[in-house]
Protein chains: 2
Amino acid sequence: MKAGLRELKRAGFKLTPQRRAILETLKSSGKHMSVEEIHEKVKTKCPHAGLATTYRTLDLLKELNLVTDINLGEEHKHYEWKRRHHYHLVCLECGDVVEFRSNFAIKIEKNVLKDYDFEITDRHVEFCGYCSRCAGGREG
Amino acid sequence: MKAGLRELKRAGFKLTPQRRAILETLKSSGKHMSVEEIHEKVKTKCPHAGLATTYRTLDLLKELNLVTDINLGEEHKHYEWKRRHHYHLVCLECGDVVEFRSNFAIKIEKNVLKDYDFEITDRHVEFCGYCSRCAGGREG
DNA sequence: ATAATAAATGAGAATAATTCTCAACTAGGG
DNA sequence: CCCTAGTTGAGAATTATTCTCATTTATTAT
């Protein structure tokens with residue numbers, strides 16, 4: 001059984017078409033999506049799907065540690081299928097969101113465990129600033 | 001002139017009692033506060049202060065890069081006076097928020113500049129999980 | 001398969017944080 | 001001290017999210 005469905009099942013939740021659709025949408029898209037975007041996509045598979053179910057299911061998937069929510073600026077929330085040590089750069093000028101990885105990310109987390117005795121299960125790391133294209137225009 | 005007021009002035013904004021109070025409240029508290037908390041504190045200095053002004057001023061201070069907003073869980077937004085390389089650990093059990101610093105934080109940012117040609121001006125780094133007290137209870 | 005049942009859904013109402021509107025007020029320059 | 005553009009307060013408006021509840025459905029045992 002596919003990852004995601006497996007965890008839902010194991011935790012005693014029913015595998016409804018709506019849940020399958022939401023899960024599949026996020027997993028296959030491979031990027032962050034707003035609740036509305038997810039809902040629109042889900043409706044192509046389940047035309048009667050209600051928005052509340054999308055909210056409920058995303059909460060559930062978050063609870064099960066399968067998805068993460070990211071906050072881009074101030075607007076509405078975005079979700080994405082969880083991946084390890086995968087952070088975000090958000091350009092304040094063009095709004096572009098670039099993923100990044102750093103070897104130091106792992107070291108920071110070891111630091112946190114060792115120095116603060118804190119066990120990390122989820123991460124929200126967004127660095128905001130200016131991407132190469134936009135930085136140029138700002139200062140000559 | 002004090003830091004904060006200086007930047008407001010320089011950018012051409014008026015130094016109203018409300019702005020002074022909001023700025024001073026955040027700066028002197030030294031920790032993150034919700035908009036309501038800030039507003040309550042401000043009202044002890046300016047009893048007629050409106051909530052909208054607190055929202056407007058926090059937006060303004062953020063615009064000027066003097067404060068950062070942090071997202072603790074799902075609730076309403078929190079703000080704090082900006083400090084360098086100062087991140088957060090959020091315990092999912094007791095809700096406690098601990099600040100942390102890591103030498104690797106600086107290295108990550110150098111990585112980002114070098115490898116992604118991205119100029120960081122603001123950071124939102126929250127690691128969620130379980131603090132030492134709560135981690136124990138969870139698994140025996 | 002089919003029935004029994006606890007869980008899940010859809011639709012829209014309810015909520016709560018944030019933003020907007022606009023008349024009245026005020027900081028700061030001259 | 002006056003003028004004026006910028007700022008404020010109060011409450012209405014907006015908008016994302018949550019709640020309610022009657023109806024439907026996935027799953028388990030028969």
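Each chain gets a letter, A, B and so on, in the order the sequences are listed, and its residues count up from 1.
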Parallel, tilted or perpendicular, as decided by the 30° and 60° cut-offs, for the rings of [Y] and [X]:
X        : Y        : value
B:Phe104 : A:Phe104 : parallel
B:His88  : B:His32  : perpendicular
A:His85  : A:Tyr87  : perpendicular

Nucleotide nearest [X] when distance is taken to its side chain, options [options]:
X       : options                : answer
A:Asp59 : C:dT18, D:dT18, D:dT7  : D:dT18
B:Ala49 : C:dA8, D:dG6, D:dG9    : D:dG9
A:Lys14 : D:dT17, C:dT18, D:dT27 : D:dT27
B:Thr53 : C:dG10, D:dG9, C:dG28  : D:dG9
B:Lys77 : C:dA27, C:dT18, D:dA10 : C:dT18
A:Leu15 : C:dG10, D:dT27, D:dT18 : D:dT27

**Spacing between B:Lys9 atom NZ and D:dT7 atom P, to the nearest angstrom** = 12 Å
**Message:** Rounded to whole Å, how long is the line connecting atom CG of B:Asp69 with atom P of C:dA17?
**Reply:** 16 Å
**Fill in**
Whichever of A:Thr54 and B:Ala52 has the more 5' nearest nucleotide on DNA chain C, that residue is A:Thr54
**Complete:** Walking DNA chain C from its 5' end, the first of B:Phe13 and B:Arg56 to be reached, judged by nearest nucleotide, is B:Arg56
**Prompt:** Does B:Glu24 come within less than 4.0 Å of B:Lys45, counting only side-chain N to carboxylate O?
**Reply:** no
**Note: A:Asp122-A:Lys62 ion pair, threshold 4.0 Å (strictly below)** = no
**Request:** For B:Pro17, answer base if it contacts any base atom (sugar-phosphate contacts may also be present), sugar-phosphate if it contacts only those atoms, and nothing otherwise; contact means non-hydrogen atoms under 4.0 Å.
**Result:** sugar-phosphate
**Asked** So what does A:Glu36 touch, heavy atoms closer than 4.0 Å: a base, only the sugar-phosphate, or nothing?
**Response** nothing
Can you tell me if [X] touches the phosphate of [N], counting only side-chain N or O atoms and a distance under 4.0 Å to OP1 or OP2?
X       : N      : answer
B:Gln18 : D:dG9  : yes
B:Thr16 : D:dT8  : yes
A:Tyr55 : D:dT17 : yes

